[in-house]
2 protein chains.
Amino acid sequence: MKIPPVKGTRDFYPPDMAVRNWLIDGWKKVSVRNGFEEYDGPIFEYLKMFQIKSGDEIVEQLFSFKDRGGRDLAIRPEITPTLARMVNQQINSLPKPIKWFSVPRLCRAERPQKGRLREFFQWNIDIIGVDDVLADAEVIFCALDYLRDVGLTPDDIVVKISSRKLLAAVLKEIGVPKESLDSLYALLDKKNKLPPETFEKMLNEQLPDSEMAGKIRAFMGLETISQIEEMFGRQEAFDEIVTLMDWLNRMGVGDYCKFDPSVVRGLAYYTGIVFEIYDKASELRAIGGGGRFDDLLKQFGGTDIPATGFGIGDCVLSILLEEKGLLKTRPQQLDYFVACVDESFRDAVIEVTMRLRSNCFASNFSYKAVKLSKQLKQASDQNAQKCIIIGEEFKDNQLLVKDMVAGEQKTIEVDKFFAELKSLV
Amino acid sequence: MKIPPVKGTRDFYPPDMAVRNWLIDGWKKVSVRNGFEEYDGPIFEYLKMFQIKSGDEIVEQLFSFKDRGGRDLAIRPEITPTLARMVNQQINSLPKPIKWFSVPRLCRAERPQKGRLREFFQWNIDIIGVDDVLADAEVIFCALDYLRDVGLTPDDIVVKISSRKLLAAVLKEIGVPKESLDSLYALLDKKNKLPPETFEKMLNEQLPDSEMAGKIRAFMGLETISQIEEMFGRQEAFDEIVTLMDWLNRMGVGDYCKFDPSVVRGLAYYTGIVFEIYDKASELRAIGGGGRFDDLLKQFGGTDIPATGFGIGDCVLSILLEEKGLLKTRPQQLDYFVACVDESFRDAVIEVTMRLRSNCFASNFSYKAVKLSKQLKQASDQNAQKCIIIGEEFKDNQLLVKDMVAGEQKTIEVDKFFAELKSLV
């Protein structure tokens, strides 16, 4: 019986797995050097965990199920609710600020499309306990520290930055009723994903008059703080944005960053700086995004503690890196391949191979005592750096070691060979 | 609103995550040095994937759900069906033998108990395309290469080895009808998990007469091949077991291994050598187990190709390692903590920190310009190896670098400091 994989999921054959490991190891390395500690939670949580933050709309996008006790559970579509739960559980004993990262596997019950799968990996970093905009800058720096490290330049990507405080103030200035804000954020977030007419139509439906819609569209099209000041007056949120931009310049990543009031982020829970990372050509979905969410931990039954962070998924990022020729594969290598001139030395092959492995050297051998030339072909196919050839000289306790790269070979006494290896480890 | 985690799942706070990473990185390292390549599949598959191999009984132990198209899916309780699917999909292009490993996250809808959770990690290695018992030996060696590496000795653990072929031959000799075999394997596998009376009662229910039950119990209690030969005559499967034991001795792990006919493995699909790894004191469940499954890929709609492998979960292993004092944590370290003598140097702190990070050095700083002594305390709490103190000498482009371990400190020019760092990377 032949069964296909589920649409929107991926099989990671060894070459694909090598790419995934390269990507995720890079995320981990940069997180650690930026002072973040790794955490993880369960792949499933109570369904209601995901409703608190994102409302009932999220339920459709979840894989939910019941356990044998009839409890409603769901596979996590994001890790932030788990983060909030975990931090709240140990809020008194955890040293502050909390700087944590995670690289969770996440699932969403969506229709698969380019850059959007039903199962993916996401790099998350969060700083909890710092209300200073410096923490928002550090979060953006950390994302760019990785993206720059893999070779993306300001010609390839841009971080578009805005502020929920600014947006809320402008919407208030325009006269949008406070109770419309949450649903309006979700709509404004879709501006660049919807055809202009559809967006305009939906915007007009949500607002009491079309003049408001026009002002909002105008605001989202502005490019500088002075333009906003001219149109909507001086706003308190300006200072924070200016300070953030100043920090990003000092941190050496200012050339990647741009103020852009069209950045909204769809979810209701953002409270301050928001940002999204895009390919410069704007041909792909957002590579990632984040912002400040000072009220979330309280919403999850915890204390009032500020927080800021981001998430970057592996799908869009991989597409972009592939397009730019920056996706690195790390084909697996062997330190040694152990071959023999004929079947009579097979026991020796096994003994030497296992001894090499126990001494931490990646080693392999051929199960069948095929011709030596065929064994050497296997060694080369498996990227062996060196080959040990066991033949007549083994009776005098000697091994023939061939360097597969330089082509040189030498004979060495077995005990001496292993003594030298041990000194290398 | 406060929501608890789901019972039988684990939260990995940074110290727990460090242990999990240590464990899984160890599995990966040993797999690679034994010549295995990493693969992974999706966390969910079609539900029927899991029914093929393990029958309908497994459905109760699964978290299953429907997607929006009404398709029946399930979170994987094991990765072997995915392995079979993936190998079958590319059987013609994959070089043989296939030596693959994986460290999947798995879920089972079980009642949580000691060593058995609803979510866990499992180390899997498999060799596909080799019918030689040497491959079974290599699989067992690989498990022991890891277990020995972390410090477990033959006084701590034992690999109990038997053969399905031998068991099938003996059961035939005793007169057990062929159609009873599959359900009998499942029962015999539970021998050591059930109270003796319960086991005896269930065994008698499955067999036409109690004499048979007695003979089976006697067989499972034997300790050597010669005892079996005496009671049930010479069996073809003996040779294979003897050869396996000989290979394990040659490989240097014979002292961990023991022939034990009570090892059955519950699932119907094993066809040859089977084994289970236990703590020597027999106080815990099996640490892991595996064996040969030559018919499985064919059952999944593929060609007839031999296979052998094992799975070791993280739960029982962690309990044992903890008991033996062998569970290592790797607390995260910082290369540098950047402090300042007063707030006027805060910009410099940020600039130097970010430059260190971009040069691949793990670095941190204090968000608040607290007293220097308090900053140094933070540095020490975060395991910083060195501390950079920015003060008056920074105006002359000098940094004070303090070695937190040796206690020494020196002043160095900023550019010279970074030039030296670059030469280290």
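Every heavy atom of this structure was used, including side-chain atoms; hydrogens, water molecules and symmetry mates were not. So you know, we letter chains A, B, ... as the sequences are listed, proteins then strands, and number each from 1. Fair warning: this is a prediction, and the values are worked out from it, not measured in the lab.
Counting all heavy atoms, side chain and backbone alike, B:Asn364 lies closest to A:Asn34 at OD1-O, 4.3 Å. A:Tyr39 approaches B:Met17 most closely through the heavy-atom pair C-SD, 3.9 Å. Closest of all the heavy-atom pairs between B:Cys360 and A:Arg33 is SG-NH1, 3.3 Å.
Interface check for chain A: of the options B:Arg10, B:Lys2, B:Met86, B:Gln299, the most heavy-atom pairs under 4.5 Å are formed by B:Met86. With chain B as partner, the option from A:Gln382, A:Arg346, A:Lys66 having the largest number of non-hydrogen pairs under 4.5 angstrom is A:Arg346. Taking chain A as the reference chain and counting heavy-atom pairs below 4.5 Å, the highest number among B:Ser31, B:Gly35, B:Pro42 is found for B:Pro42. In terms of heavy-atom pairs under 4.5 angstrom with chain B, the leader among A:Ser363, A:Gly41, A:Ser366, A:Cys142 is A:Ser363. The candidate with the highest count of non-hydrogen atom pairs below 4.5 Å against chain A, out of B:Pro95, B:Pro97, B:Pro4, is B:Pro4. The greatest number of non-hydrogen atom pairs below 4.5 Å with chain B, out of A:Met251, A:Gln89, A:Gln90, is found for A:Gln90. Contacts with chain B were tallied for A:Arg105, A:Arg118, A:Arg148, A:Met49; A:Arg105 has the most, counting heavy-atom pairs under 4.5 Å.
Residue B:Glu38 touches chain A through both its backbone and its side chain, counting heavy-atom pairs closer than 4.5 Å. Proximity to chain A involves both the backbone and the side chain of B:Arg357, based on heavy atoms less than 4.5 angstrom apart. Contact of B:Ile75 with chain A is made through the side chain alone, with heavy-atom distances under 4.5 Å. Neither the backbone nor the side chain of B:Asp335 comes within less than 4.5 Å of any heavy atom in chain A. Only the side chain of A:Asn21 comes within contact range of chain B, with heavy atoms under 4.5 Å apart. In this structure, chain A has a heavy atom under 4.5 Å from the side chain of B:Asp132, while its backbone stays farther away. When heavy atoms are compared at a cutoff of 4.5 Å, B:Leu334 approaches chain A solely by way of its side chain, counted from C-beta outward. Residue A:Glu37 touches chain B through both its backbone and its side chain, counting heavy-atom pairs closer than 4.5 Å. Neither the backbone nor the side chain of A:Tyr336 comes within less than 4.5 Å of any heavy atom of chain B. For A:Phe36, the part lying under 4.5 angstrom from a heavy atom of chain B is the backbone only. Contact of B:Gln332 with chain A is made through the side chain alone, with heavy-atom distances under 4.5 Å. Looking at B:Val130, the atoms closer than 4.5 Å to chain A (heavy atoms on both sides) all sit in the side chain, from C-beta outward. Interface residue A:Pro5: backbone and side-chain heavy atoms are both found under 4.5 Å from chain B. Contact annotation for B:Leu62: neither backbone nor side-chain heavy atoms come within less than 4.5 Å of a heavy atom of chain A. Heavy-atom distances place both the backbone and the side chain of A:Asp40 under 4.5 Å from chain B. At a 4.5 Å heavy-atom cutoff, B:Leu356 makes no contact with chain A through either its backbone or its side chain. With a 4.5 Å cut-off on non-hydrogen atoms, B:Thr353 does not touch chain A at all. Interface remark: B:Arg355 contributes no atoms to any contact with chain A (heavy atom separation under 4.5 Å). Of the two parts of B:Ala135, the backbone and the side chain both hold a non-hydrogen atom closer than 4.5 Å to a non-hydrogen atom of chain A. For B:Lys99, the part lying near chain A is the side chain, with the backbone staying farther off; criterion is any non-hydrogen pair under 4.5 Å.
Proximity of A:Cys107 to B:Ile43: side-chain heavy atoms (C-beta onward) are separated by under 4.5 Å at one or more points. At a threshold of 4.5 Å between non-hydrogen side-chain atoms, the residues A:Glu138 and B:Met354 count as touching. Taking the side chain as every heavy atom from C-beta outward, A:Asp11 and B:Arg85 approach each other to under 4.5 Å. Within the 4.5 Å cutoff, side-chain heavy atoms of A:Ser358 are placed close to those of B:Phe141. Residues B:Arg68 and A:Glu60 form a side-chain contact, since some pair of their non-hydrogen atoms from C-beta on lies under 4.5 Å apart.
Atom CG in B:Asp131 sits 11.5 Å away from atom OH in A:Tyr367 (nearest 0.5 Å). Rounded to the nearest 0.5 Å, atoms CZ (B:Phe63) and CG (A:Leu73) are 6.5 Å apart. B:Thr9 contributes atom OG1, which lies 6.0 Å from atom CZ of A:Phe44 (distance to the nearest 0.5 angstrom).
The environment of B:Lys368 atom NZ is sparse: at most 12 non-hydrogen atoms of other residues, nucleotides or ligands sit within 6.0 angstrom.
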Under the side-chain contact (heavy atoms from CB on, under 4.5 Å) rule, what do A:Ile3 and B:Lys48 come out as? Steps first, then yes or no, please. CA-CA 8 Å; A:Ile3 297 174; B:Lys48 58 189 170 194; 3.5 Å; yes

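Ion pairing between a basic and an acidic side chain is recognised when a charged N comes within 4.0 Å of a carboxylate O; B:Asp67 and A:Lys7 show no such pairing. Under a 4.0 Å N-O distance rule, the pair A:Lys28/B:Asp25 does not qualify as a salt bridge.
With B:Arg250 contributing its side chain and A:Asp347 its backbone, the two residues share no donor-acceptor pair below 3.5 Å.
A perpendicular orientation is assigned to the rings of A:Tyr13 and B:Trp100, their planes being inclined by more than 60° (bins at 30° and 60°).
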